[in-house]
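Encoded as structure tokens, the structure appears first; notes follow it.
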Amino acid sequence: MLSITLPDGSVREVAPGTTPADIAADIGPGLAKAALAAKVDGEVRDIMRPLESDAELALITSRDEADALELARHDYAHILAEAVQSVFPGTQITFGPSTEDGFYYDFAPKDRPFTDEDLPLIEEEMRKIIAADKPLRREVWERDDLIARWEKDGESFKAEWAAELPEGEELSVYWSGDDWMDMCRGPHLASTGKLDPKAFKLLRVSGAYWRGDQRNPQLSRIYGTGWLNKKQLNAHLHMLEEAGKRDHRKLGQEMDLFHFQPEAQGSCFWHPKGYVIWQALEQYMRRQIEAAEYDEVKTPQLMDARQWEQSGHWGKYRENMFVVPDEIPSSEEDAPVISGTADMMALKPMNCPAHVLIFRQGIKSYRDLPLRLAEMGCCHRNEPHGALHGLLRVRQMTQDDGHIFCREDQLVDEVRRFCDLLDSVYKDLGFPDYKIKLALRPEKRFGSDAMWDWAEQSLRDAVKAAGRDTEDYGWEELPGEGAFYAPKLEFHLTDAIGRTWQVGTIQTDTVLPERLDASYVGEDGERHRPVMLHRAILGTFERFIGILIESHAGKLPLWLAPVQAVVATIVSDADDYALTVAGKLRDAGIRVETDLRNEKINYKVREHSLTKVPNLLVVGKREAEEGTIALRRLGSDEHQKVMTLDEAVAMLSEEATPPDMR
RNA sequence: GCUGCUGUAGCUCAGUGGUAGAGCGCACCCUUGGUAAGGGUGAGGUCGAGAGUUCAAUUCUCUCUAGCAGCACCA
């Protein structure tokens, strides 16, 4: 007999082979019906999978939402695969997990990739499978049998997968009824009918490489979102719709902040209002950097290819660089664009080599260290077309870049200081929550393994010293994701629809000082290599402003708002007074506009609300006579507040003070 | 770069094998109205580019290009 301990502490003695479903039935018919799966010693398992040893058992119902959703999504993925093979015979199945809000499955289509138009057909087939309430049955197979089976069925991807699963791992398959099976670790619900046929939706198709590697064949992926009931699904779809309204590209157009056009793809045209945000942010960053004892510099946009060869960028980063011939092109029609003997130059993709060149001017002493150079550096990177994404992924970017040259023994302290500075900036800018990752050595890299061991460990130590290697910060290590010259700490923020983007970073580099021969004279009178820390807090102004816009849904904090106040008239008799009001605000440093148009106040309120103007100062005859204004706040429930002009000026200039100057 | 979708007026989008429409915006006129759209008139388009099929292409086909979603790559 087995001793099964239930969550209430009671113990049941059952025969081996008893399933959690049997126990649920024994407890009561209500539970038997509600139970979706079981947690056996903390591991989620099929409810029909027999118990084999003493265990703690908890039954999972739809009230255990996280577990139930995970199970449901995993099932949806399998049902998707079954449906696709039924609608499109000859399609190979490969792999399909649950995701944060749904599921996907990758297929190798028989003759053409799937299109959006295929989705309704597949959805309909999925509903049939759910309606059929097919039992999902687990079976353990021998590896050779399984491979043979997949090969017989023409499932070459599955066969490859089965052959490569680690030795000693139990190879389980799941049957859907008696006519379809997939290799899967499980767990699954007891039958397809446990799912709500109205709680899922197929969203889109896309390409995806087999095993995530570009060198492999491309598969056709179908994404869906899946929930426990229709209400949850609708709530999710509504959320997606709302998130779409916060898209910085949409708001950028609506608020007249910036635009992109094909003649300069990936490079932003900042309009006056957008550039105000940039300026406010840049001035703020400059104050922070100055306080943190950086020296700001400015370095060349174009440098000779030989310089990039020496830094290593030519070898490891050239595919991302804009290369420019140093030659006066011929104006003759048939002349070649480049003569072939032209010297090459490249637009800088990074500021680091130029900073080393500044460091190298004159002889540096250990007394000069740490030397912190900062630059609002404009870089160009030839990013793949498909990667471009509004302000979040561009080809011309301005980094709040900086390089710290220090001794090895100063390194951990410098990284920690940086983490603190970054933390205070992110809090000022309204991002108390951010994630930290450590990107480890990539395949394509310079430097010895010993160097990488040391550099990676230095960052680990520093994060630990700063107390940020915790779950709150989403701390994790990412193998293979580092830069070619150094491992990097990455600081991530999230956009409107939940995609995360790297913004800040700090990297420990000994390669570049070596390659560019940077040195300082130590206390011992000998020459030593400095360690170089590459670091950015915002990352780039473009990406950071994009995220700033999305996180505030366009309603930026007052100190960053492009237009901080609009003075709107009710009647034209108040025009002169409105100009006086605006003049006073302008004198107090408020970014103000007037709206004297021949329109009703309703119209003006609506328009300025839609363009996210934070303060609307309404003036009519009454205000003009009394020297007051009626203040309407964006997004405020309260109607309006009448106050004297002097009060309004004092209040708004106080509120418009940047967070670090309060 | 790869897969799929999309490209019609400044914006959002209808539409058609016989060279085009709406709403908003814009200009002008009327209106001076107290907190999310007052009324009228008017201007505005090589239907992304090129090639093909056709008597005829914005519409069908192909190529290119740009945008969107995802993949891969990256701040």
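Below, chains carry the letters A, B, ... as their sequence lines are ordered, and counting in each starts from 1.
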RNA chain B: 5'-proximal contact among A:Glu490 and A:Leu616 (nearest heavy atom): A:Leu616
Hey, does the Lys NZ or Arg CZ of A:Lys316 hover above the aromatic six-ring of A:Phe446, less than 6.0 Å from the centre and inside 45° of the axis? yes
Between A:Glu414 and A:Arg372, is the salt bridge (Lys or Arg N to Asp or Glu O under 4.0 Å) condition met? List the steps. CA-CA 10 Å; A:Glu414 284 299 319; A:Arg372 306 185 188 92; 2.8 Å; yes
Whole Å only: how far is the CD atom of A:Glu263 from the P atom of B:G48? 16 Å
Expressed as a whole number of angstroms, how long is the span from A:Glu626:CD to B:G34:C1'? 13 Å
According to the interplanar angle, ranging from 0 to 90°, do the rings of A:Tyr434 and A:Phe491 count as parallel (below 30°), tilted (30 to 60°) or perpendicular (above 60°)? tilted
Most 5' of A:Met397 and A:Ser572 on RNA chain B, judged by nearest nucleotide: A:Ser572
When the C1' atoms of B:G52 and B:A57 are considered, how many whole Å apart are they? 11 Å
Find every protein N or O atom lying less than 3.5 Å from an N or O atom of nucleotides 65-74 of chain B, and list the pairs.
unit_1, atom_1, unit_2, atom_2, d
B:A66, OP1, A:Gln265, NE2, 2.5
B:C68, OP1, A:Arg249, NH1, 3.0
B:A69, OP1, A:Arg249, NH1, 3.4
B:A69, OP1, A:Arg249, NH2, 2.7
B:A69, OP2, A:Arg249, NH1, 3.2
B:A69, OP2, A:His389, ND1, 3.3
B:A69, O2', A:Arg204, NE, 3.0
B:G70, OP1, A:Arg499, NH1, 3.1
B:G70, OP2, A:Arg499, NH1, 2.8
B:G70, O3', A:Tyr223, OH, 3.2
B:G70, O2', A:Ser206, OG, 2.6
B:G70, O2', A:Tyr223, OH, 3.2
B:C71, O4', A:Gly207, O, 3.1
B:C71, O2', A:Tyr209, N, 3.1
B:C71, N4, A:Gly386, O, 3.4
B:A72, O2', A:Gln214, OE1, 2.7
B:C73, O2, A:Arg393, NH1, 3.4
B:C73, O2, A:Arg393, NH2, 2.6
B:C73, N3, A:Arg393, NH1, 2.8
B:C74, O2, A:Arg393, NE, 3.4
B:C74, O2, A:Arg393, NH1, 3.3

Report yes if some heavy atom in the side chain of A:Val566 is under 4.5 Å from a heavy atom in the side chain of A:Leu617; otherwise report no. no
Measure the distance from CG on A:Asp575 to C1' on B:U32 and round it to the nearest whole Å. 10 Å
Tell me whether the NZ or CZ atom of A:Arg393 lies within the 45° cone about the ring axis of A:Trp501 and under 6.0 Å from its centre. no
Tell me, which stems hold RNA chain B, with a stem being 3 or more Watson-Crick or G-U pairs in a row and both distances under 3.5 Å? B:1-7 with B:65-71, B:10-13 with B:21-24, B:26-30 with B:38-42, B:48-52 with B:60-64
Quick one: A:Asp573 CG to B:G34 P, roughly how many Å, whole number? 13 Å
Looking only at heavy atoms, the pair that brings A:Ser267 and A:Phe260 closest together is O-CD2, 3.4 Å
Any non-hydrogen side-chain atom of A:Lys348 less than 4.5 Å from a side-chain atom of A:Trp308? yes
Restricting to side chain to side chain contact (heavy atoms under 4.5 Å, CB included), what partner residues turn up for A:Ala462, sequence neighbours left out? A:Val412, A:Val415
Please work out which of the three classes, parallel, tilted or perpendicular, describes the rings of A:Tyr275 and A:Trp278, given edges at 30° and 60°. tilted
To the nearest Å, how far apart are A:Lys612 NZ and B:A36 C1'? 12 Å
Is A:Val618 touching bases, backbone alone, or none of the nucleic acid, heavy atoms closer than 4.0 Å? base
Using atom CG of A:Leu219 as one end and atom P of B:U3 as the other, report the distance to the nearest whole Å. 13 Å
Under 4.0 Å between any heavy atoms, over every strand shown, what does A:Phe260 touch: base, sugar-phosphate, or nothing? Just pick one. nothing
Distance-only polar pair, side chains of A:Tyr104 and A:Arg204, donor-acceptor under 3.5 Å: no
Check the distance between B:U3's C1' and A:Arg112's CZ and give it to me in whole angstrom. 13 Å
Heavy atoms under 4.0 Å, any strand shown: does A:Ile601 hit a base, just sugar-phosphate, or nothing? sugar-phosphate
Minimum-distance nucleotide (side-chain atoms of A:Ala630 versus B:A36, B:G34, B:A75): B:G34
Listing time: all N or O pairs from protein to nucleotides 5-11 of chain B that are below 3.5 Å?
unit_1, atom_1, unit_2, atom_2, d
B:C11, O3', A:Gln253, OE1, 3.2

Taking the P atom in each of B:A49 and B:G25, what is the distance between them to the nearest angstrom? 28 Å
Side chain to side chain donor-acceptor pair (under 3.5 Å) filter on A:Lys273, not counting sequence neighbours, yields none
Any idea how A:Trp161 and A:Phe95 line up, ring-wise: parallel (<30°), tilted (30 to 60°), or perpendicular (>60°)? tilted
Just the table, please: protein N/O against nucleotides 37-41 of chain B N/O, every pair under 3.5 Å.
unit_1, atom_1, unit_2, atom_2, d
B:A37, N7, A:Arg606, NE, 3.4
B:A37, N7, A:Arg606, NH2, 3.3
B:A37, N6, A:Arg606, NH2, 2.5
B:A37, N1, A:Arg606, NH2, 3.3

Rounded to whole Å, NE2 of A:His492 lies from C1' of B:A75 at a distance of 10 Å
For atom P, what is the distance between B:U41 and B:U58, given to the nearest Å? 32 Å
Tell me, do A:Leu533 and A:Asp509 make a side-chain contact under 4.5 Å, heavy atoms counted? no
Whole-angstrom distance between B:U59 and B:U19, as gauged at atom P: 14 Å
Hey, can you tell me if A:His248 and A:His389 have their rings parallel, tilted or perpendicular (30° and 60° cut-offs)? tilted
Suppose you measure atom P in B:U6 against the same atom in B:G15; what distance do you get, rounded to whole Å? 13 Å
What class does the angle between the rings of A:Phe431 and A:Phe544 fall in, given that below 30° is parallel, 30 to 60° is tilted and above 60° is perpendicular? perpendicular
